[in-house]
Visitor: 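I'd like to ask you about the structure that follows.
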2 protein chains.
Amino acid sequence: MENEASPRRATVVTLSELAGVAPSTVTRALRGDTRISEATRARILKLAEQHGYAPNALARTLSSGRSGLYGLVLGPASNPFYAELLHEAVREAKERGVRLLIIHAGDGPIEDTTAESLLHYQVDGCIITSAVLSSRAAEICAANRVPLIMVNRVARHHGCFVTCDNHAGGAELAQLLLAGGRTKFAVVGTSSTSSTAVEREDGFVAELARGGVAPMMHFDGHSSYEGGFAAGTAILENAVRPDAVFAVSDIMAMGVLDALRLGGVSVPDQMAVVGFDGVAEAARPIYDLTTIEQPLPLMVRRAFEMLAARSGNHRLPDESISLRGRLIPRGSTGR
Amino acid sequence: MENEASPRRATVVTLSELAGVAPSTVTRALRGDTRISEATRARILKLAEQHGYAPNALARTLSSGRSGLYGLVLGPASNPFYAELLHEAVREAKERGVRLLIIHAGDGPIEDTTAESLLHYQVDGCIITSAVLSSRAAEICAANRVPLIMVNRVARHHGCFVTCDNHAGGAELAQLLLAGGRTKFAVVGTSSTSSTAVEREDGFVAELARGGVAPMMHFDGHSSYEGGFAAGTAILENAVRPDAVFAVSDIMAMGVLDALRLGGVSVPDQMAVVGFDGVAEAARPIYDLTTIEQPLPLMVRRAFEMLAARSGNHRLPDESISLRGRLIPRGSTGR
DNA sequence: TTAAAGTGCGCACACGTTTGCGCATCTCTT
DNA sequence: AAGAGATGCGCAAACGTGTGCGCACTTTAA
């Protein structure tokens, strides 16, 4: 079919010559412009099909200004939450006909050179989860009109973000534990300045206070399984043990649970454990973890919507969306 | 700094006007062409710096033919191996100054429309893990000279791939178990036609045969934690229990281990368990899983090298690389 | 003194697509 | 029958960068 001597891909110009029309006619026909007659359109579509025409999205960017590319900044691989978020983003991007450019993944901060590559590829926007953007990097994006959306975290005083209602979620978990008759609470937080973790903890502690209780123990660790495991181990070693543990993320709660299991503590009889995120792992029978499920699909959709709106109109003000999570009571809190 | 009335980004033309030279001179100066005098070059570099010039990589693609974009097809989120692979790929891409375009993620096959978007963005190549490419999609890529590399899986009869030496790894695990005095073996495989799983199983069974033993049980399940858990549950229910279980992936082995734990089976005393992949989770004290670690960083690097070579020279023949994995003996096999 | 080689840079086109403008032709309307 | 609107399409410029070719000037060689 394809001639070996002419390996060149079909272009709009190729098709226009074949069809005996102008390149602009081909473009309009392919894009469904109503001003092109149905007959011409059909003829061009058929030619495109025959010759395996694939539009050059990069060339389109050049003249239209939109690239159809969104940057994605991902958190560490050790937390399955980000893997789920990635897959959700891929699904949503496919639905919207846009592509995802992985800009950064991992724990560390985003380097300035990485931020610059955002510009090189003319991304229409960028979704940031977890990682911190240096002020210089943020400045670069702002100066070049690249809209930024933080998912699952908020920046200091500016920018768009969509999060779960962390405060309410923390409070709801506290209510559940109080209603279950728990009295001695441990909080497993994170040493990072993550807004998400802080809000969850605040909500939890505030609700405890409403019930007239204060946590008896507090741990700060790395926001990972290992951090949770270390906290769980520390709980075991404490002279007086709590009867309920709130970990600010499921991955940490899983670490806590495993430490308790190795220490011979029975959950939920001797100790209840709750987490936050609603990752798939939490549903495993071995963990059976009570948690707040983040409405990930909706959060991702909202993020894309905000990006799409802002890539069309740069004057839109900063916007923040908070979505209520769903309490999933499981075995780790009894019943 | 940036004038509100002139939101346009600096381009080569902008700089050329500022410097009083031709656009081509600017291009050559920025790209380090030796034919441009040092004085002119310094002046242009300074101007570029001042005006925050960011080259338009998409425009460059148009005239140079190379996009600096690689497609990435990722497996399901439920297996942490793919998350690790993603992060490794991101790291390697950063080092090489190329970008990753997420084409597809998840369990299902790659749709043809997805494959076409590979072409739209003129990717220089594509790394495929796990998902299957329809023959039509493969044809599209071949016709358009988009090199494809399979990582951790091999296609039927053609294409480039880089894998771990699955057969040798399976054999090594069998040796270890035999040396540990195990006699009754169960194999937890996957119902998918994944070449990787089949090779691992073949290697394991072949080595058992050399020792004069055949597995007493065999399970096929979904290649996931749940699949492993189901197999583990089935093992519990069997009248006569094996004293060693080989799961073809760590994620399945984790499922097996948890099922055994819930069933009160003590590992490694009553039963040894081994996995394959070397994911981070396998090292958790609660699993402490003996496994074969895939040399992920090297595998990813080789994949990029093969892609880079093929995007420069389309005539290169198919090539396959097999890298030896490393046995990591842990508590799940005793000692 | 002249030819040859080297240096520094500009011109112009190419890459593939989009889009504003405008020119025909055809169909109504009055 | 003539102006008004609709319909169908072409022309040409633009997006930003890369590059082959060639011109002018300088240095070196004979």
Side-chain angles (χ1 to χ4, degrees), chain A residues 6-45 47-48 51-69 119-124 144-145, chain B residues 6-45 47-48 51-69 116-117 119-124 144-145:
Chain A
S6 71
R8 306 218 39 80
R9 295 166 55 155
T11 72
V12 174
V13 177
T14 318
L15 295 182
S16 74
E17 286 164 357
L18 258 36
V21 297
S24 55
T25 302
V26 173
T27 295
R28 289 193 247 256
L30 292 175
R31 306 223 79 198
D33 194 309
T34 56
R35 318 225 359 143
I36 303 297
S37 72
E38 202 45 51
T40 317
R41 203 175 102 82
R43 188 157 46 97
I44 291 174
L45 282 181
L47 278 167
H51 292 266
Y53 169 74
N56 186 329
L58 273 27
R60 178 175 355 222
T61 299
L62 206 51
S63 66
S64 74
R66 298 275 190 90
S67 66
L69 251 33
L119 306 180
H120 296 183
Y121 284 89
Q122 319 288 112
V123 300
D124 292 340
N144 291 84
R145 310 269 195 277
Chain B
S6 71
R8 305 220 38 82
R9 296 166 53 156
T11 73
V12 174
V13 176
T14 317
L15 295 182
S16 75
E17 287 164 357
L18 258 35
V21 297
S24 56
T25 303
V26 173
T27 295
R28 289 193 246 256
L30 292 175
R31 306 223 81 200
D33 193 309
T34 56
R35 320 231 350 148
I36 303 298
S37 72
E38 201 47 51
T40 315
R41 203 174 102 83
R43 189 158 47 98
I44 290 174
L45 283 181
L47 277 166
H51 293 265
Y53 169 75
N56 186 330
L58 272 29
R60 187 188 331 238
T61 299
L62 206 52
S63 67
S64 73
R66 298 274 192 92
S67 67
L69 251 33
E116 280 169 10
S117 76
L119 306 180
H120 297 182
Y121 284 90
Q122 319 288 115
V123 300
D124 291 340
N144 290 84
R145 310 270 196 275

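Atom set for the values below is all heavy atoms of this structure, side chains included, hydrogens, waters and symmetry mates excluded. Everything numeric here is computed off the predicted structure, so don't read it as measured data. Naming: A, B, ... by sequence-line order, numbering from 1 per chain.
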Visitor: Return a single string for nucleotides 8-21 of chain C, one symbol per nucleotide in 5' to 3' order, where B is base contact, S is sugar-phosphate-only contact and - is none, cutoff 4.0 angstrom on heavy atoms.
Guide: BBBB---BBBBBB-
Visitor: Report, one line per pair, each donor and acceptor closer than 3.5 Å where one atom sits in a side chain of residues 37-44 of chain B; sequence neighbours left out.
Guide:
unit_1	atom_1	unit_2	atom_2	d
B:S37	OG	B:T40	N	3.3
B:S37	OG	B:T40	OG1	2.6
B:R41	NH1	B:A29	O	3.1
B:R43	NH1	B:A19	O	2.7

Visitor: Report yes or no: does B:S16 contribute a side-chain atom to a donor-acceptor pair with the main-chain N or O of B:V26 at less than 3.5 Å?
Guide: no
Visitor: Without decimals, in angstroms, what is the distance between B:R66 CZ and D:dT17 C1'?
Guide: 16 Å
Visitor: So, does A:R60 use its side chain to make a donor-acceptor pair with the main chain of A:G68 at under 3.5 Å?
Guide: no
Visitor: Check the distance between D:dT19's C1' and B:L30's CG and give it to me in whole angstrom.
Guide: 15 Å
Visitor: Side chains of A:S24 and A:T27 only: does a donor on one sit below 3.5 Å from an acceptor on the other?
Guide: no
Visitor: Counting distance only, does the side-chain N/O of B:T11 pair as donor-acceptor with the main-chain N or O of B:T14 below 3.5 Å?
Guide: yes
Visitor: How many Å lie between CG on B:L58 and C1' on D:dG18, as a whole number?
Guide: 15 Å
Visitor: Does B:T61 form a side chain to side chain contact (heavy atoms under 4.5 Å, CB included) with A:N56? I'd like the steps, not just the answer.
Guide: CA-CA 10 Å; B:T61 299; A:N56 186 329; 5.9 Å; no
Visitor: Starting at CD1 of A:I44 and ending at C1' of D:dC9, how long is that distance when rounded to a whole Å?
Guide: 10 Å
